[in-house]
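Data block below; observations after.
Proteins get letters first, then strands, A, B, ... in listed order; numbering begins at 1 in each.
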Amino acid sequence: MRLLSFWMSHREELAGMVERHLFLVLWSTAIATAIGLPAGIAAAHRPRIGRPLLAAASIAQTIPSLALLGFLLPLPFIGGIGPRIAIVALILYALLPIVRSTAAGLRSIDPAIIDAGVAMGMTARQLLWLVELPLALPSIVAGIRIATIVGIGTATIAAAIGAGGLGEYIFRGLSMVDSTVILAGAIPAALMALLADGILTWVERRLSPGHRQRSTAVPLAVATAALLLMAVVGAAGFGPARPDTIVIGSKNFTEQVVLGELLAQTLERRGIRVTRRLNLGGSFICDRAIRSGDIDAYVEYTGTALAAILKQPLEKDPDAALTSLRNAYGRSGLSVLAPLGFNNTFAMLVRHEDADTLGLATIDDLHRVEAQWRPGFGYEFAERADGYSGLLKTYELRFTTPPRVMELNLVYRALSSRQVDVVAGDATSGLIKALNLTMLRDNRSYFPPYYAVPIVRSAVLLARPELREAFNELAGRISEDDMRAMNASVDVEHRDVAATVRDFLSAKLPN
Amino acid sequence: MPEPVVSLVGVRFNYGNHVVLDDLDLAVGAGESLALVGRSGSGKSTVLKLIDRLLLPDAGSVVVEGRDTREWDPINLRRRIGYVLQEIGLFPHLTVEENVALVPRLEGWPVERRRARAHDLLELVGLPAAEFADRWPRELSGGQRQRVGVARALAIDPPILLMDEPFGALDSITRQELRTEFQRIRRHLRQTVILVTHDMDEAFALGDRVGVLERGRVTFGRPALTR
């Protein structure tokens, strides 16, 4: 029921996402077919070309989709966030089934039929078009069908790099730990896959030799036209951002989405047009996106920016940190605006009942449980110098069980469901209170400050001075409690991000 | 014998280092029907493939209508030759009519003409067009498919007809029936025919002359005498 009402209240957005999803899948499958068909023909006719070709396509298939997006991101022409790179990745995945089934379809033709064609004086081209391709067509369509279905599934990952589509609901739902929102994206994607499977299976059956009926051409043409129309409509609706709009980005967790929405609404209250590219897959992707001009502004944290992005030494003093940030970003044409107020440092979290019974108050107290407890972290914390390894060094901790690494959004649930016993979370997470977790005090001051600051492209600030004015309205206005409350509103009370932000703005900054 | 339509002179052909044909001489005159008999592996099919330029000889020459097959454009040559394969190789995605009309289509005949031609040929091989033209190959019996194969080979009235074990895969009653049918068709069309078979009866029934292919060469005997 919650799902139905979610769809009803988001129906326009949902329609847009379905359309975008179709757009991604149709274009990538169409281009993959255009490449894969000739490649499959070459593979069938010349095994010497075919074998390495199939091997290459197989290797592309084995790269996990997020990793593939990561590899493609820095490449010229195809790189950068947005649908282009997603389509390239989807093409790579679609190639293998298409190439393989084209080659298999051609190879499985009875050699007597080919002999008959050659003996009656067909040229290689006539043989291909009049005999080989028509006979291989059902197999080719089967390959396209598999590629399409895989594409519909894989395209959900495209939301991680801002390409949109139904994956946005899935990522949003994951970051909000809200299964309704996950299902809101997953169910239409699954239906789309089933529908594509049904349509293409029907086409495949109609095309098998000797099953042809004179009337097939018509529904086939109609279906093709309809699909093309949708793709064109999708393409038209998805141009680059309009030149006079400001593109706001955010990383893919609740607080970031809230902050992105906050920047966006702050601008919109002043009549500035905004395009949202929220839910981008992490600090590195946001950083690349703002440097390439794909987004104009997003909120970064001082500690993350220094250590993870600029690779500078850790700085415990907030003012000194801000100064070195401004210097480093300034050289890249980016401006660091005034901090929003709260410090979202890392928080070592344990279950409240454990803290009570074992008397845990500080991170040092973890020494008492280091032999039995299992830690759990998000990917970034596990990798970063100011993350897990530094923590172990500073506190001389020795966990006997290796940490479980997972999506950052999942660590809170993993902790409360006892899959792990201590996690590194965000100090401002709305789930701390909701799941009854306790934050251990950083008594050796290990974690650097993580003040939230808007990073904006300097060129945009110069051209649109009203932006600085708008963003500075927010300076120092968001306390840790404010942030936790907004996070909890979204994560725990399952309220809409936009509504949460709207309420906050009208309470804090009445016009 | 008048100027031969097909002749093989001193032909040698190897598959790897296995000699299949060795210094083979053969001449077939216009309108003649030559049957070559031999065991499997004796190189019968190789002779037909050399004539259709699906293969080229390792030594000697194959001459068709006065020109060495090396000098023929393979497509032009094959359009002057009808070829009936043992496996027939009907195109399963085309109807009977479309199968028969395919070579005329490649030759650019207008639709009406190739349709009329296909229907005539189907009548000729004993498959009434009204009943069979729109059928799929998989809906035909083995004997009917073989008839379509013959009709297809005759589609643009090629001067030469090659037949590779044309009726080999059929049961003996159907085979007998098709032989009689084929003799009737031959009287009608007067093509030069070269057919290979492992079946002596078939060779004598269909060939004006019968050659035996053995150890890479052909020896002839008059049908009446050998019988």
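- Shortest non-hydrogen contact noted between A:Ala116 and B:Gly89 is CB-O, 3.4 Å.
- When every heavy atom of A:Ala119 is checked against every heavy atom of B:Arg78, the shortest pair comes out as O-CB, 3.6 Å.
- Interface residue B:Ile88: only backbone heavy atoms are found under 4.5 Å from chain A.
- Nearest approach of B:Ile75 to A:Gly121, heavy atoms of both residues: CG2-O, 3.4 Å.
- No part of B:Arg135 comes within reach of chain A, as not one of its non-hydrogen atoms sits under 4.5 angstrom from that chain.
- Within 6.0 Å of CZ on B:Arg39 lie no more than 12 heavy atoms contributed by other residues, nucleotides or ligands.
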query: How far apart are the C-alpha atoms of B:Arg105 and A:Leu130, what are their side-chain angles, what is the distance that settles it, and do they pass the side chain to side chain contact (heavy atoms under 4.5 Å, CB included) test?
result: CA-CA 11 Å; B:Arg105 182 172 155 201; A:Leu130 295 175; 3.2 Å; yes

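- Residue B:Asn99 holds its CG atom at 7.5 Å from CE of A:Met120, rounded to the nearest 0.5 Å.
- How far NE2 of B:His93 is from CD1 of A:Ile113: 8.5 Å, rounded to the nearest 0.5 Å.
- Per-residue counts of heavy-atom pairs under 4.5 Å with chain B were compared for A:Asp115, A:Thr123, A:Val118; the largest is that of A:Val118.
- For CZ of B:Arg184, the number of neighbouring non-hydrogen atoms (other residues, nucleotides, ligands) closer than 6.0 Å is greater than 12.
- Only the side chain of B:Leu102 comes within contact range of chain A, with heavy atoms under 4.5 Å apart.
- No more than 12 heavy atoms of other residues, nucleotides or ligands lie within 6.0 Å of CZ in A:Arg100, so this atom counts as exposed by the packing criterion.
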